[in-house]
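Right, one structure below, let's go through it.
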Amino acid sequence: MKIAIASDHAAYKMKEAIKKYLKSKNIDFIDLGTDSEESVDYPDYAKILGEKVAKKEVDFGIGLCGTGIGMSISVNKVKGIRGALCLYPSMAEYARKHNDANVLVLAGRLMGPDLAIWTVDKFLSTEFEGGRHKTRVEKIERI
Ligand code: RB5
């Protein structure tokens, strides 16, 4: 499994904590930035993250900003992206099971690192259920 991860400055520290977790699990990832707490614009990172996932250069994306809202709105502008802002592991579980989400979005300023890591873990370990959910996901793609 290969992951791409990107954040703005507001979630830079959270991104670093998640990278440490991914390394500890031997999960291959690419870091698309940002690389400090200096102010940047989240749509720039959402665009490069979304494009990596849409081109299937990676299996999943993880995007972060302060609230997760800007990253979520922006990444979902990229065709083929199903980005889900998940504040709890149960949201990540259903984002995978029912929505086949391919980008997990987290809120660096609203979640502690442990909660964020549990949410990542649930997202990466849950399969899409398909069936009736597949029909719905196909309808999303046709909007
Ligand atoms: C940056 O200050 C902040 O606006 C951004 O990280 C995010 O929360 C936007 O939705």
Test salt bridge (charged side-chain N to carboxylate O under 4.0 Å, His left out) on Lys20 and Glu16; report intermediate values, then the result. CA-CA 6 Å; Lys20 214 165 153 188; Glu16 296 306 298; over 6 Å; no
Please lay out, stage by stage, how Glu93 and Tyr88 fare under the test side-chain contact (heavy atoms from CB on, under 4.5 Å). CA-CA 9 Å; Glu93 180 180 355; Tyr88 311 103; over 6 Å; no
Where do Leu124 and Met1 land on the side-chain contact (heavy atoms from CB on, under 4.5 Å) test, with the steps shown first? CA-CA 9 Å; Leu124 297 181; Met1 182 192 295; 3.9 Å; yes
Do Ser74 and Tyr42 pass the side-chain contact (heavy atoms from CB on, under 4.5 Å) test, and can you show the C-alpha distance, the side-chain angles, and the key distance before you say yes or no? CA-CA 8 Å; Ser74 310; Tyr42 57 80; 3.6 Å; yes
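Contact detail for Met14 and Ala107: the closest heavy-atom pair is CE-O, 4.0 Å. Between Val103 and Gly63, the shortest heavy-atom contact is CG1-N, 4.2 Å. Contact detail for Leu85 and Met91: the closest heavy-atom pair is O-CE, 3.4 Å. Across all their heavy atoms, Leu106 and Cys86 have their closest contact at CD2-O, 3.5 Å. Of all non-hydrogen atoms in Cys65 and Met71, the two that sit nearest each other are SG-N, 3.4 Å. The nearest pair of heavy atoms linking Glu51 to Val78 is N-CG1, 4.0 Å.
Around NZ of Lys47, the count of heavy atoms belonging to other residues, nucleotides or ligands within 6.0 Å does not exceed 12. Counting non-hydrogen atoms of neighbouring residues, nucleotides and ligands closer than 6.0 angstrom, the CD atom of Glu141 exceeds 12 such neighbours. Counting non-hydrogen atoms of other residues, nucleotides and ligands closer than 6.0 Å to CD of Glu138 gives a total above 12.
Taking 4.5 Å as the limit, every side-chain heavy atom of Phe123 sits out of range of all side-chain heavy atoms of Ile62. Looking at Met111 and Thr119, their side chains come closer than 4.5 Å, going by heavy atoms from C-beta outward. Using a 4.5 Å cut-off on side-chain heavy atoms (C-beta onward), Ile3 and Asp59 make no contact. A heavy-atom distance below 4.5 Å is found between the side chains of Val120 and Tyr21. Within the 4.5 Å cutoff, no side-chain heavy atoms of Glu38 are placed close to those of His9.
Residues Val58 and Leu64 share a single hydrophobic cluster, defined by chaining ILVMFWY side chains whose heavy atoms lie under 4.5 Å apart. In this structure, Leu87 is a member of the same hydrophobic cluster as Ile5, with clusters built from ILVMFWY side-chain heavy atoms closer than 4.5 Å. At a threshold of 4.5 Å between side-chain heavy atoms, the hydrophobic network of Ile, Leu, Val, Met, Phe, Trp and Tyr places Trp118 and Phe29 in one connected group. Both Val75 and Phe60 sit in one connected hydrophobic cluster of ILVMFWY residues. Membership requires side-chain heavy atoms under 4.5 Å apart, directly or through other members. Placement of Tyr45 and Leu22 within a single hydrophobic cluster is found when ILVMFWY residues are connected by side-chain heavy-atom separations under 4.5 Å, directly or transitively.
Remark: the backbone N or O of Ala101 is paired with a side-chain donor or acceptor of Arg96 at under 3.5 angstrom. The backbone N or O of Thr34 lies less than 3.5 Å from a partner atom in the side chain of Lys15, making a donor-acceptor pair. For Asp8 (side chain) and Val40 (main-chain N/O), no donor-acceptor pair under 3.5 Å exists by modelled atom type. Under a 3.5 Å cut-off, the side chain of Asn102 and the backbone N or O of Gly80 do form a donor-acceptor pair. A distance-only check finds no donor-acceptor pair linking the side chain of Asp121 to the backbone of Ile117 [under 3.5 Å].
To the nearest 0.5 angstrom, Thr67 atom OG1 is 8.5 Å from Arg109 atom CZ. If you take NZ on Lys134 and CG on Asp100, they are separated by 10.0 Å, rounding to the nearest 0.5 Å. Separation of atoms CD (Glu129) and CG (Asn99) is listed at 10.5 Å; rounding is to 0.5 Å.
Under the 30°/60° scheme for interplanar angles, the aromatic rings of His133 and His98 are found to lie parallel.
Under the 6.0 Å distance and 45° angle rule, Lys97 counts as a cation-pi partner of Tyr94.
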